[in-house]
There are 2 protein chains.
Amino acid sequence: MEIKNIKLLICDDHTMLSQAIAGFLKDQSFVEKVFVCTNAKDTIEEFKKDKYDVVILDVNMPEMSGIELSKFLSNEYENLKIIMLSMRSDILTVKECIRNGAHGYLLKNADLTEIIEAIKRVLAGKSYFSKQISESLLDSQYNFSSLKDDIFITPREREILSLVITEKSTKQISEALNISENTVETHRKNLMKKTNTKTTVGLVKYAIERSLF
Amino acid sequence: MEIKNIKLLICDDHTMLSQAIAGFLKDQSFVEKVFVCTNAKDTIEEFKKDKYDVVILDVNMPEMSGIELSKFLSNEYENLKIIMLSMRSDILTVKECIRNGAHGYLLKNADLTEIIEAIKRVLAGKSYFSKQISESLLDSQYNFSSLKDDIFITPREREILSLVITEKSTKQISEALNISENTVETHRKNLMKKTNTKTTVGLVKYAIERSLF
DNA sequence: AAAACAATCACGGAATTCCGTGATTTTTAG
DNA sequence: CTAAAAATCACGGAATTCCGTGATTGTTTT
């Protein structure tokens with residue numbers, strides 16, 4: 001099957017990156033159109049106007065993240081291929097992207113030409129991951145610790161975490177939520193267990209890095 | 001004065017971005033050469049081999065930051081023009097860049113064509129800042145609070161902060177750096193004062209949010 | 001209905017952070 | 001050469017986090 005007349009959409013709040021990549025892709029012979037968006041809303045709008053074969057989505061965007069957008073688009077458009085773009089290489093994020101419809105995952109510090117490779121692969125019904133990612137993914141298949149990695153934070157835990165990262169102490173949180181300090185501590189302990197961190201610092205990093213708030 | 005035969009060097013650990021921008025710049029008539037680096041070390045090496053008119057440096061890079069690199073290059077090469085590239089728009093960072101020799105400051109979410117404008121401006125001996133930045137800079141001239149904002153984190157403090165965010169305790173840090181726990185505590189206290197935070201959590205947020213590491 | 005999960009609470013002790021206050025020694029820049 | 005800035009250290013006490021261990025009560029899910 002020959003690939004041609006492909007229509008692409010890139011969504012990344014770093015305009016400089018998306019425009020530059022768009023310029024690069026426009027030069028490719030198999031590309032018919034490249035549309036650039038800087039946020040999820042515009043992307044959804046544009047999808048109502050035209051049909052696209054492949055979208056390249058930044059994972060971390062304000063308002064609506066690329067992951068949420070991916071979930072939405074993959075539900076709406078059956079044949080659409082989705083490639084995520086991210087500067088983070090942690091497996092949890094990658095897995096979450098896959099669960100939400102992504103077919104490929106590219107690192108921003110990968111070589112630019114990987115994009116071409118990725119587009120061709122996903123159009124051929126296969127998947128594509130930056131080298132570093134695919135290695136980690138393979139590891140995680142055989143690695144025990146990666147399984148318990150599949151973390152689910154409960155609503156209450158998330159609520160407590162949100163207060164933790166605003167520099168509230170256990171006492172302050174307990175007062176804000178009208179529960180005992182012991183309970184708050186238990187939640188914090190469980191959070192640390194689930195996120196596999198030892199200190200509040202780790203918790204904060206976990207939360208911020210995957211832009212939970 | 002006409003601008004032509006310009007040699008550019010781009011340094012950004014996000015290869016995808018630097019390569020894409022390089023592609024864009026190569027198409028410009030006034031550009032003779034564009035060299036791409038992904039880290040400070042390679043950049044310094046390359047400068048020993050060839051002469052450049054303008055460098056575009058990412059502010060946040062692992063190992064040696066763009067700011068440090070800027071300081072080094074502006075000292076070594078008198079006529080070199082330096083444009084910083086960053087995703088953060090906080091004035092403190094901008095000011096620090098200026099202090100360290102930068103002539104321009106571009107946001108990654110600015111329009112790609114701004115680069116052309118910036119290059120032409122700095123080559124003409126002027127400065128260039130993304131709109132959002134120049135507005136903030138103007139504000140800060142008249143705004144009191146922005147002055148006391150002028151935080152200077154010393155190299156040592158930065159070092160300690162980097163260990164703090166890797167979940168190291170005061171004791172562990174003191175051992176790693178071979179200094180007393182008291183000293184580490186003092187640094188932490190000073191950091192919290194300077195960053196206007198009350199807890200380690202705040203410190204971690206400060207560091208991550210402006211991607212200091 | 002039983003198992004699994006979520007949310008709640010308790011206690012005690014070790015470890016760590018936080019805070020004020022003050023001081024000495026390098027190092028750096030004018 | 002001298003200020004200024006940076007890095008070093010000290011002490012003591014209050015506050016907070018961290019950790020283990022265990023338990024009760026609802027609420028889903030199968």
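Order of the sequence lines fixes the chain letters, A, B, ..., with proteins taken first and strands second; residue numbering starts at 1 for each chain.
A salt bridge does not link B:Glu68 with B:Lys71: every distance from a Lys NZ or Arg NE/NH1/NH2 to an Asp or Glu carboxylate oxygen is 4.0 Å or more.
For B:Lys171, the side-chain atoms get nearest to C:dT16 when compared with the rest of D:dA7, D:dT21, C:dT16. In the set D:dC9, D:dG12, C:dA10, the nucleotide with an atom closest to the side chain of A:Ser180 is C:dA10. Closest to the side chain of A:Ile179, from the set D:dA7, C:dT16, C:dT8, is C:dT8. Comparing D:dC9, D:dT17, C:dT8 against the side chain of A:His187 picks out C:dT8 as the nearest. The side chain of A:Thr183 sits closest to C:dT8 out of C:dT8, C:dT17, C:dC18. Listed candidates were D:dC18, C:dA6, C:dC18. Nearest to the side chain of A:Thr154 is C:dA6. The side chain of B:Arg156 approaches D:dA7 more closely than any other nucleotide in the set D:dT17, C:dG20, D:dA7.
More than 12 heavy atoms of other residues, nucleotides or ligands shown are found within 6.0 angstrom of CG on B:Asn5.
The distance from the CD atom of B:Glu159 to the NE2 atom of B:His187 is 9.0 Å, given to the nearest 0.5 Å.
Annotation: side chain of A:Tyr77 is not in contact with side chain of A:Val55 (no heavy-atom distance under 4.5 Å).
Nearest-nucleotide assignment on DNA chain D puts the 5′-proximal partner with B:Asn182, out of A:Glu181 and B:Asn182. Between A:Val201 and B:Asn178, the residue anchored nearer the 5' end of DNA chain D, judged by the nucleotide with its closest heavy atom, is B:Asn178.
Here D:dC19 presents its P atom at 17 Å from NZ of A:Lys194, a figure rounded to the nearest Å. Following rounding to the nearest Å, B:Met192 (CE) and C:dG20 (C1') show an atom-to-atom distance of 13 Å. Atom CD in B:Gln172 sits roughly 7 Å away from atom P in C:dT16 (whole-Å rounding). Distance CD (B:Glu157) to P (D:dT8): 10 Å, rounded to an integer number of Å. For the pair B:Lys168 NZ and D:dC18 P, the computed distance is 16 Å after rounding to whole Å. Following rounding to the nearest Å, B:Lys193 (NZ) and D:dA6 (C1') show an atom-to-atom distance of 15 Å. Rounded to a whole Å, the CD1 atom of B:Ile160 is 10 Å from the C1' atom of D:dT8. Between the P atom of D:dG20 and the CZ atom of A:Arg188 lies a distance of 16 Å, rounded to the nearest Å.
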Where do B:Lys108 and B:Asp58 land on the side-chain contact (heavy atoms from CB on, under 4.5 Å) test, with the steps shown first?
-> CA-CA 9 Å; B:Lys108 287 191 179 176; B:Asp58 185 19; 3.5 Å; yes
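For D:dT17, one of the phosphate oxygens OP1 or OP2 lies less than 4.0 angstrom from a side-chain nitrogen or oxygen of A:Thr170. Considering only side-chain N and O atoms, A:Thr200 lies under 4.0 angstrom from the phosphate OP1 or OP2 of D:dC18.
Looking only at atom types and distance, the side chain of B:Glu185 has no donor-acceptor partner in the side chain of B:Thr170 under 3.5 Å away.
A donor and an acceptor atom sit less than 3.5 Å apart, one in the side chain of A:Thr186 and one in the base of C:dC9.
As judged by a 4.0 angstrom heavy-atom cut-off over every strand, A:Lys198 is placed among residues touching the sugar-phosphate backbone only.
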